[in-house]
Structures are given as structure tokens and as C-alpha cells.
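One structure is given here, and the rest of the page talks about it.
Remember, it's 1-based here, ligands and their atoms both numbered in the order they're listed. Numbering of residues begins at 1 and proceeds along the displayed sequence.
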Amino acid sequence: MSNFDQQFDVVVVGSGGGGMTAALCAQSLGLSAVVIEKSDKYGGTSAVSGGGIWIPNNDDIARTGGSDSYEEGLTYLKEIVGSEVPQERIEAYLKNAPEMVRYMAKTFGVKYRNVPKYPDYYSNRPGGKDGWRSMEPVDFDASLLGPEFDRQRESFKGTLLMGRIAMSQVEAHTLFSRGPGWIWLTLKMLLKYWLDIGWRRKTHRDRRQVLGQGMVSALRYAMLQKNVPLVLECGMDSLIEENGRVVGVNVVHRGRKQRYGARRGVVLACGGFESNQAMREKYLAQPTKVEWTAAPPINQGDGIRAGQALGAATKLMDKVWGSPTVRKPGADQQITLFIERGMPGCVAVNAEGKRFANEAAAYPDFRDAMYADHAKGNGCVPAWLVFDATFRYKYPMGIFLPGQIEPDARLPADWLDKVYFRADSIDALAGKIGVDRKGLAETVARMNEYAKTGVDPEFGKGSIPIDRYYSDPSVKPNTCLGPIVKPPFYAVPMYPGEIGTKGGLDVDPKARVLREDGSVIAGLYAIGNTSAAVMGSTYPGAGSTLGPAMTFGYIAARDIAESAKAEQPKIAAAA
Ligand SMILES: Cc1cc2nc3c(=O)[nH]c(=O)nc-3n(C[C@H](O)[C@H](O)[C@H](O)COP(=O)(O)OP(=O)(O)OC[C@H]3O[C@@H](n4cnc5c(N)ncnc54)[C@H](O)[C@@H]3O)c2cc1C
């Protein structure tokens, strides 16, 4: 066998949520594991995410008054995923996901709680639920990480209250939808942060870690406790194959080429290809730009290409975990519009000034609708979110907080009519953004009628639970529909971005990478966005990317451990 610079049972490539889970599980099952990470920060996109995982039939459901079953989860996934993904893989997910959550809590103290009010994205379909299946990481105290805290990828300011204060998913929902006690909650969060004076002297980052930061912190802390090594600035260059089996990876560690041996398996957990313009042009709907992604500029499709070089098959390469995004000058990433579109008093239009979708639709569907409309020649890239002064005052809009906290006067002067557009009439606004004037006037007039009746006969905005998750419960009769009447009027361009790509290496229910003929490439596993999504083209609910990334990390580790155990007697007999 080849000479290696380092050798482990399992080499995990990539330090996102899935990769760290796989390494932890492998080590706890008696194998030696290492995580190699190309960048100088660990955590990947997972660290900047909401940290949510979608876990049907999770143990926390009963505590919060819900109910679910394996069968209902299966009904739902069969209904919305269809035949695009083999049922055995879907079943592997549903069986192992709650088990993975239990195992991570018990073995490593990596804990999740459910988000009771977050509905499935198609909760009106058979097996769908109006809440409970999405879970979020419990709070983590960053001081436990010591110096490792500084090596973690930081969250985006947009996910923090006032750009600084950590906000869980449940808290964000209460604040943005002005749920009961939102003012008191805001004050409590502000006080807690500002009174933590000793910690604030050390860093501007909140000691309280939630969302993706909470998840990655808890995983990294568990790695430190269990002595699972992490090697930063160590990028996989290619896979090493011997006699039809993957036995290691060629890496570049701080400029030096090295060979890492993997006695039992390599787990590719190095994300998708959202930051690779050439791959975007080759696979995704056009037009497409790296600048439209909301993910950090790290994942270049390295794992997918390394697998392809060994003859691995790929699937779903034209699909993404889509979301409309907006551009904030100077920010590293685009900002996703998860919340804003559901708020009352806005309308999304194409260059004709016409609507093309339910504004409040789940973010992947809204992004897909942009491309579908653009393909019809209606000029929907960018699309425009148009709103009035009342909306601006009350609600956030991606690049800025509600006007009552961050008025126009506090925004950089050079953003006006470049980043956001403002005019005293709808007609003048249409002129500024190059949208058909008559079309926009008619659309706004129609939306104002819908706000009165509470019914959107065109796209049914506000008619299903997910539309209303982020909306304003004080607005009647439809919490997602409000008049667009008060000048000045605003418009912000939206781009068809994503939070990650979902096409990748074809894998079996054990996360083993497959060739075109369906045979397994021995020793090679792929999880997270390096693998083709178990959810196919759809997006069942919040946490549909990280739930599978962690679950298949757990499954891969178990499969590697079981095959190692099965091989022991053979090795002993041969000796
Ligand atoms: C704002 C935002 C919010 C989101 N919220 C959620 C949410 O709440 N729930 C959810 O399910 N999803 C969410 N997502 C999506 C989710 O974060 C990603 O789909 C997920 O993190 C992908 O996980 P991964 O392990 O495949 O990739 P990553 O987490 O990106 O990890 C891949 C790692 O591999 C490293 N790497 C790349 N190439 C190499 C190489 N050659 N060698 C070594 N290392 C390499 C990268 O640097 C990176 O650290 C969100 C995304 C964004 C942007």
C-alpha cells in the first residue's frame, strides 16, 4: 500500500455540520477520524446558516404538543419527492434522522429542540404538518471553545439583532412577526448582551451561540472533548484509489502536498459548487452568477469533481436549494429574502410590472418561479420587490432593518437608486427601475383591492400556513396582504440565488458513492451538498439540507464501522 504522510481509519473532507457529525460518530464507534478543511475557518456554510434540521417524528414533538409518525413522514415525502429519489434512501433518512438527533445529544451533548410553529413548506399536502418537524440547536456558550472560537466561520450580521446579538429561530419569528411579548423579548436580549461586559471586552461576537453558530460550536466542542483532529487550510486535491478502492486523499496543507491515508473510508462532505462560476454555467439555469449566492465563497465543487474523476455518477446537477437574494454592497454574501416577502404591503413584479408568483411562497419555489417567468421572456432576473412607506417603516427588507430602527437617513447616501430605489409615486418608481409603468400601476391597484378582501385570486398569497409564518398577525383580514398606498414608494432588485447547490454524487441509502452502473465505489462516501439531495427537486421544510447532511454523516460512519467490524475476522484469519 502507498506511503502516507498521515493515516487514519476515516478521512472526512469538509468541516460543515455533516462532516463534523460523520467524524464524531466514526470516532465514537471505535475508529480514528480526522476532518480536513480547505479554508482557514471551520464550519462552512453550516456555520452561517439557520442551523435548522428537518426531522420528522423527532423526540421533542410530544413535549411541545404535536404529534407525528414515521408513516406520516413517509406519506409526505413520497407525495412531494415522488419517484425522483429511490424510496430506500428516503426511508433510510426517515428511520435514522430521529435516531441521529438522539445519538448526538446522548453521546456528545449536541442538542436540538423543535421549532413548534414552523410549518412544513407544503403542510397542506398529505402527511404534511403545520409545525414541529424543524429543530434548532440549543444555545451554546462560546467561552467553552477557548481559542477555537476565533477559528470558526462567523455568522452574517443579517442573522443578528442589531448586527451583533444572537437570535434563535423561535426568537426571530417572535420579533419579525411581532408575536406576543416581542418588545419585552427585544429588551431582554439587548440587556443580556450589553451586560456581558467582560465578554464584550474580548470580542464583538455574542457569547450566546445559536442557529448555525450554535450547531457548529457544539460539534467543534464535542470534537475537542473526543480528540477528533481538525486540520485547517488543508484542501483535498484528489482521491487516491488502489485496486478499485478509495484509500486516501491527496491534500495541499498550507502549500505543501501531502497524502492522507484512509484505512476504512473517505467521507466527502465538502459542499456543493455554488461558488464555481464555470460549474454554474455548465449545470444551472441561465443566467446565473456566483455573486447571487447567499453561501460563503468556499465551495467549488471539489468533492463532486474528485468523485467524477473516479467514475462516480451525478444526479440533480441542475437543482439548487433556491432563494431570492439581494445585494448589500461590501458584504461577503448576498442576503436571502426568507422573511420579507410574506409581510403585508409588498408586491413582486417582473419587467412588465406584473406578478409572477405568490410573494410569500417558500423561498425555493419563489426562486424557481423567477426563472420560469424569465424563460417566458418577461424579464424576471432581476425581479423587483415593491413596497410603500408603511412597509419600509415596519418590516425588515434584507439589506436594511425596519425604518423605525434604521431610517433612510442612516443608510449610506450612495445606496439610493443603486441598491434600493425610492420615488414619490408608483409611476415615477417604475420609470426609475425600468419597469412597465402601466403594468406596475395596474398590479399595485389590484394588490390594494386584494388587501381589502383578504383574498389573492391570482396566487393565493397568505392561503397556506407557510405563507403566514412570517407575516403580520395584526393585519386583517389577511396577514400577508396590506395596501401599497403611502409614499414614498420603494423597490429592491431580487436575484435568483441559493443557499447551496443540491446536485452531486449519486449515493445509496448508506451514503456510499455509486458509479453510473449502480455499483459502489468501495471506500467512498458523500454527504451534504456533495451528494445528490435525498429531497430530490423539492424542499419539504426548514432544515431539509442540514438534517440530511448530519443524518447521512451518522449513517456513513456507522456503515464504515460495521464494515470494519465485518472485516476483522477475515484479517485475523488471514494472519
Ligand atoms: C443564510 C443561510 C441560512 C441557511 N439556513 C439553513 C437552515 O436553517 N437549515 C438548513 O438545512 N440549511 C440551511 N442553509 C443551507 C445549509 O447551510 C447548507 O446547505 C449546508 O451547510 C451544506 O452543508 P455541507 O456540509 O454540504 O457544506 P458546508 O457546510 O459548506 O461545508 C463544506 C466545507 O467543506 C470545505 N471544503 C470545500 N472544498 C474543500 C476541499 N477541497 N477540501 C477540504 N475542505 C473543503 C468548505 O470550506 C466548507 O467548510 C442555509 C444557508 C444559508 C446561506
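- Residue contacts with ligand 1: N529 is placed with a nitrogen or oxygen under 3.5 Å of a nitrogen or oxygen of the ligand (distance criterion only).
- Near L546, with a cut-off below 4.0 Å to any heavy atom, the atoms of ligand 1 are 9 (N), 10 (C), 11 (O), 12 (N), 20 (C), 21 (O).
- Checked by atom type, the side-chain pair E498/T293 shows a donor-acceptor distance below 3.5 Å.
- The side-chain hydrogen bond (donor to acceptor under 3.5 Å, both in side chains) with R102 is formed by just one residue from the set D59, N58, T107; it is D59.
- No N or O atom of T336 sits closer than 3.5 Å to an N or O atom of ligand 1.
- A cation-pi geometry, defined here as NZ or CZ lying under 6.0 Å from the six-membered ring centre and within 45° of its normal, does not hold between R151 and Y42.
- When hydrogens are left out, the protein atom nearest atom 41 (N) of ligand 1 is D302 OD2, 2.7 Å; that is the closest non-hydrogen contact.
- Using a 4.0 Å cut-off to heavy atoms of C234, the atoms of ligand 1 that qualify are 43 (C).
- Considering all non-hydrogen atoms of both residues, F140 and S217 come closest at CD2-CB, 3.3 Å.
- For Y420 and F400, the distance between ring centers is under 6.0 angstrom.
- The shortest N or O to N or O distance between Y539 and ligand 1 is not under 3.5 Å.
- Within the 6.0 Å centre-distance limit, the rings of Y363 and Y121 are counted as a close aromatic pair.
- In this structure, atom 27 (O) of ligand 1 lies nearest to the protein heavy atom G271 CA, 3.6 Å.
- The ligand atoms of ligand 1 that sit less than 4.0 angstrom from a heavy atom of G51 are 7 (C), 8 (O).
- Counting only non-hydrogen atoms, the option in K38, M215, E37 that gets closest to atom 35 (C) of ligand 1 is E37.
- Taking the ring centroids of Y470 and F338, they lie at or beyond the 6.0 Å cut-off.
- Below 4.0 Å from some heavy atom of G543 lie the following atoms of ligand 1, by number and element: 9 (N), 10 (C), 11 (O).
- Residues Y283 and F273 place their aromatic rings such that the two centres sit under 6.0 Å apart.
- When non-hydrogen atoms are compared, ligand 1 lies under 4.0 Å from the backbone of A269 (N, CA, C, O) but not from its side chain.
- Of all atoms in ligand 1, listed by their number and element, those nearer than 4.0 Å to a heavy atom of I36 are 43 (C), 44 (N).
- For atom 36 (N) of ligand 1, the closest non-hydrogen atom on the protein side is C270 CB, 3.6 Å.
- Looking at I53 against ligand 1, nothing comes within 4.0 Å, counting heavy atoms.
- Between G303 and L505, the closest heavy-atom pair is O-CD1, 3.7 Å.
- The nearest protein atom to atom 28 (P) of ligand 1, hydrogens excluded, is given as T45 N, 3.5 Å; this is a heavy-atom distance.
- Taking CZ of R245 as the start and CG of L310 as the end, the distance is 13.0 Å to the nearest 0.5 Å.
- Note: Y395 and F176 fail the aromatic proximity criterion, with ring centroids not under 6.0 Å apart.
- Every atom of ligand 1 with a heavy atom of S15 under 4.0 Å away is listed here by number and element: 33 (C), 49 (O).
- Going from atom CD of Q334 over to atom CE of M494 covers 12.5 Å, rounded to the nearest 0.5 Å.
- Residue H253 comes nearest to C234 through the heavy atom pair CD2-CB, 3.8 Å, listed as atom of the first residue, atom of the second, then distance.
- Distance from atom 19 (O) of ligand 1 to its nearest protein heavy atom, with residue and atom name: T545 OG1, 2.8 Å.
- For the pair K41 and ligand 1, the shortest N or O to N or O distance does not fall below 3.5 Å.
- The atoms of ligand 1 that sit less than 4.0 Å from any heavy atom of G528 are 26 (O).
- At a 3.5 angstrom cut-off on N or O pairs, V13 does not count as close to ligand 1.
- Within the 3.5 Å criterion, the main-chain N or O of A362 finds no donor-acceptor partner in the side chain of D365.
- Neither the backbone nor the side chain of A549 has any atom closer than 4.0 Å to an atom of ligand 1 (non-hydrogen atoms only).
- A salt bridge is defined here as a Lys NZ or Arg NE, NH1 or NH2 lying under 4.0 Å from an Asp or Glu carboxylate O, and E171 with R208 meets this definition.
- The distance criterion of under 3.5 Å between nitrogen or oxygen atoms is not met by A295 with respect to ligand 1.
- Here the heavy atom of the protein found nearest to atom 42 (N) of ligand 1 is M236 N, 2.9 Å.
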Given salt bridge (charged side-chain N to carboxylate O under 4.0 Å, His left out), test D139 with R113 step by step and report yes or no. CA-CA 10 Å; D139 303 5; R113 62 182 165 230; 3.2 Å; yes
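- Across the listed options G50, G44, S46, A47, G50 owns the non-hydrogen atom lying nearest to atom 6 (C) of ligand 1.
- Each of the following atoms of ligand 1 lies closer than 4.0 Å to a heavy atom of A294: 53 (C).
- Among protein heavy atoms, the minimum distance from atom 8 (O) of ligand 1 is reached at G52 N, 3.0 Å.
- At least one heavy atom of G235 lies less than 4.0 angstrom from ligand 1.
- Of all the heavy atoms of S544, the ones lying under 4.0 Å from any atom of ligand 1 belong exclusively to the backbone.
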Decide yes or no on salt bridge (charged side-chain N to carboxylate O under 4.0 Å, His left out) for K38 and D302, but give the supporting numbers first. CA-CA 10 Å; K38 190 177 185 177; D302 296 356; 2.6 Å; yes
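- Counting protein heavy atoms only, atom 13 (C) of ligand 1 is closest to S49 CB, 3.8 Å.
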